[in-house]
S.K.: 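Next up is a structure, given as structure tokens.
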Amino acid sequence: MTPAPNVAAAAEAVESHLHPVPSYDVAVHPKPSGLEEVWRFTPLKRLRGLLDGEPSGDRLKWEAEVPPQVTVSEISAADARELGEMRPTDRPAALAVVNADRVVLVDVPAGAVLDSPLVIRLTGASVDETAWAHVLLRIGDHADGTVVFEHTGSARYAATTSVLVGAGANVELVSLQLWDDDAVHLGQINTRIGRDAVVRSFQVSLGGDVVRIVENVEYDAPGGQLEMYGVYFVDAGQHIEHRLFVDHNQPHTASHAVYKGGLQGEGAHSVWVGDVLIRKVAEGIETFETNRNLVLTDGCRADSVPNLEIETGEIRGAGHASATGRFDDEQLFYLQSRGISEDEARRLVVHGFFADIVRRIGVGEVEERLMAALERELAGDPAAVQRAQAAGR
Amino acid sequence: MATLEIKDLHVAVTTEDGQKPILNGVDLTIRSGQTHAIMGPNGSGKSTLAYSIAGHPKYTVTSGSVTLDGVDVLSMKVDERARAGLFLAMQYPVEVPGVSVSNFLRTAKTALSGEAPKLRTWAKDVNSALDSVKMDRDFAQRNVNEGFSGGEKKRHEIVQLELLNPQLAILDETDSGLDIDALKIVAEGVNRFRDQGDRAVLLITHYTRILRYITPDFVHVFVAGRIAEQGGPELAERLEAEGYDRYLQGAAS
């Protein structure tokens, strides 16, 4: 058996519901009816017409803290294709590419070691504004640094972000969805990992009415390592969806995903779909994905769908785990039996549940803000009621 | 001075087949400065007594009373009982992922005393409590009971006993599963607590082994959910020689 022709054949031939069809052609991604596998969990009626794809000149306000080595520029969509970005795999991502009037290129040059994180703050003025965005983040060979995207305010927002990670690079990508209660955010992040590069990504989704983040990852060469983390907290009436697809298309690559969510309040709905494809060529790979949901009240719904498609047995390991449960009464009893009040005990348990992910972020300021935000979520902010009312209409 | 008074306590546990009675009329009074040992065979209800006093939601008190210095304990929430001065060292201490021992101890101490402990002295207190049960100081940074061995979990209970210093400590089979060295360490911790003079201890155990290191003032034999016999330390020695068979036959007839 000669591997090379098989690889080419396999790459073309995989017919799998796990494998989204990448294409710039919007017609390839027709408007969903809600029955499609990739849309069946999403509340289409609450997307405020974003999937209609009306062009719009609105933009989110962009503020960035840019380390000296990094350049930010604008290029055309054609240039972005030329630079080898990955193609969009669903309708909002394809629409964002078509409708965004420019591509923001963020360049971290080869060998650059960033002393401070590159922070990009995106703020929406109002949910009445429709913003399309197209971003290309290029991490040069052996570059080392952290990139933080932070979303606040409100908008109906669709964004396609490509991340091209060079050989031997070591990069941490953090995306914070801290939207106001009425925001709609359909985001796609497509990452290609270079030879022996290490990528750690964090998706943190706390705000918004509907947030749907799609993460696609593939490898450019052997040896790439991926750690994907996710933290979400879903309030009454809120829909937060994370879909990840890791395509092990190169041998000796690794992926490790851990997503944890808390749900609280009537109509809180979380969706986590974790698809991993291990192609025939992908010998010696290792993958494990975990999703855990902590259901804090009645009336919540957590959908958790791990999928693993394996085309070669010559791997180091592959697996997944999913668990959705309520507070552990024994943990609460133990803490309370030491004099800690029930509320404080719950706070400690939730804190602990998320802390092992948040602690890994490595940006102290972000970690502290997130733990504080999670505690506020747990305490129940008054705006959650409005969301519940909106969901009930 | 504190007095815990248990009167005609009946407790049931909810099972798939409905309520199953476990305690069938327990009378027991424990005063400051006293150490009581409750001994009995498996399934006699010893642990149920401990958890009922602490307020575990699994158990329902169907009749009887528990008071601390005349104040109704049963109407208190679990944390209120702890703040009233009760402490339960558990047979199977619970793992709490993501919560460090240090944070846990400080939060508990703050809840019990109503104010945060002074940073500098508190760190010393925690270290010395860990030292005294021969636990590495690094345990303070580890998650509560996560990945601890059975013996480490029990010693961590004694660290809490030392730092939280309650009025009454209930030790639920704290000796089970310990090797002799660990047993001595745990017993020394309990004795340090007792030596304050005005503290009360309720020691629940299946074996007489720990009573060689902690001498009780009173021994109660627990059978079928009630106290079958009471005596002094000599009763423990008799149990050591004769076992529980005599009581079990009595209960069956």
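Each chain gets a letter, A, B and so on, in the order the sequences are listed, and its residues count up from 1.
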S.K.: Are A:Tyr334 and B:Phe104 close enough that their ring centres sit under 6.0 Å apart?
M.R.: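 Yes; B:Phe104 has its ring centre under 6.0 Å from that of A:Tyr334.
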S.K.: Determine whether A:Leu348 and B:Asn103 satisfy the following criterion, side chain to side chain contact (heavy atoms under 4.5 Å, CB included), listing intermediate values before the conclusion.
M.R.: CA-CA 9 Å; A:Leu348 269 182; B:Asn103 186 14; 3.6 Å; yes
S.K.: Can you tell me which portion of B:Glu95 sits under 4.5 Å from chain A's heavy atoms? Options are side chain, backbone, both or neither.
M.R.: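 The answer is the backbone of B:Glu95.
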S.K.: Please indicate whether A:Arg316 has more than 12 foreign heavy atoms, meaning atoms of other residues, nucleotides or ligands, lying under 6.0 Å from its CZ.
M.R.: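 Incorrect, the count does not exceed 12.
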S.K.: Of all the heavy-atom pairs spanning A:Gln331 and B:Val96, show the shortest one and how long it is.
M.R.: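 Of all heavy-atom pairs spanning A:Gln331 and B:Val96, the closest is NE2-CA, 4.2 Å.
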S.K.: Got a second to check how far A:Ser337's OG is from B:Ile53's CD1, nearest 0.5 Å?
M.R.: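 Between atom OG of A:Ser337 and atom CD1 of B:Ile53 there are 13.0 Å.
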S.K.: Do A:Phe333 and B:Val94 have side chains that approach each other closer than 4.5 Å (heavy atoms only, starting at C-beta)?
M.R.: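 The answer is no, as the side chains (C-beta and beyond) never meet within the 4.5 Å cut-off.
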S.K.: What part of B:Pro93 lies closer than 4.5 angstrom to a heavy atom of chain A: side chain, backbone, both or neither?
M.R.: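 Looking at B:Pro93, backbone and side chain both touch chain A.
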S.K.: Taking atom CZ of B:Arg83 as the centre, does the number of heavy atoms from other residues, nucleotides or ligands within less than 6.0 Å exceed 12?
M.R.: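 Enclosed: over 12 neighbouring heavy atoms sit under 6.0 Å from CZ of B:Arg83.
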S.K.: To the nearest 0.5 Å, tell me how far B:Thr107 OG1 sits from A:Ile340 CD1.
M.R.: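 If I round to the nearest 0.5 Å, the distance is 5.5 Å.
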S.K.: Do you know which two heavy atoms are closest between B:Ala111 and A:Gly339, and how far apart they sit?
M.R.: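 The answer is CB-O, 3.1 Å.
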S.K.: With a cut-off of 6.0 Å (strictly less than), are more than 12 heavy atoms of other residues, nucleotides or ligands near CZ of A:Phe327?
M.R.: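 It does: A:Phe327 CZ has more than 12 such atoms within range.
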S.K.: With side chains defined as the heavy atoms from C-beta onward, is the minimum distance between B:Lys77 and A:Ser341 less than 4.5 Å?
M.R.: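 Sidechains of A:Ser341 and B:Lys77: no contact.
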S.K.: Atom CZ of residue position B:Arg142 - does it have more than 12 heavy atoms of other residues, nucleotides or ligands inside 6.0 Å?
M.R.: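 Buried by this count: over 12 neighbours within 6.0 Å.
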S.K.: So, for B:Gly98 and A:Ala355, which heavy atoms are closest and what is the spacing to 0.1 Å?
M.R.: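 In terms of heavy atoms, the two residues are closest at O-CB, 4.1 Å.
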S.K.: Find out whether A:Val349 and B:Val99 are in side-chain contact, i.e. whether some heavy atom of one side chain is under 4.5 Å from a heavy atom of the other.
M.R.: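 Side-chain contact under 4.5 Å: no.
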S.K.: How many angstroms lie between CZ in A:Arg338 and CG in B:Leu163, if you round to the nearest 0.5 Å?
M.R.: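 Here the interatomic distance stands at 11.5 Å.
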S.K.: I want to check something: taking the side chain as every heavy atom from C-beta on, are B:His56 and A:Glu330 in contact at a cut-off of under 4.5 Å?
M.R.: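 Counting from C-beta outward, B:His56 and A:Glu330 do come under 4.5 Å.
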S.K.: Which of the residues B:Gly55, B:Ser100, B:Ala82, B:Pro57 is involved in the greatest number of heavy-atom pairs with chain A at under 4.5 angstrom?
M.R.: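 Highest number of heavy-atom pairs under 4.5 Å: B:Ala82.
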S.K.: Taking the side chain as every heavy atom from C-beta outward, state whether A:Leu335 and B:Val144 have any pair of such atoms under 4.5 Å apart.
M.R.: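 SC-SC contact between A:Leu335 and B:Val144 ruled out.
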S.K.: So which of B:Leu112, B:Leu86, B:Leu88 has the largest heavy-atom pair count under 4.5 angstrom toward chain A?
M.R.: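 Ranked by heavy-atom pairs under 4.5 Å with chain A, first place is B:Leu88.
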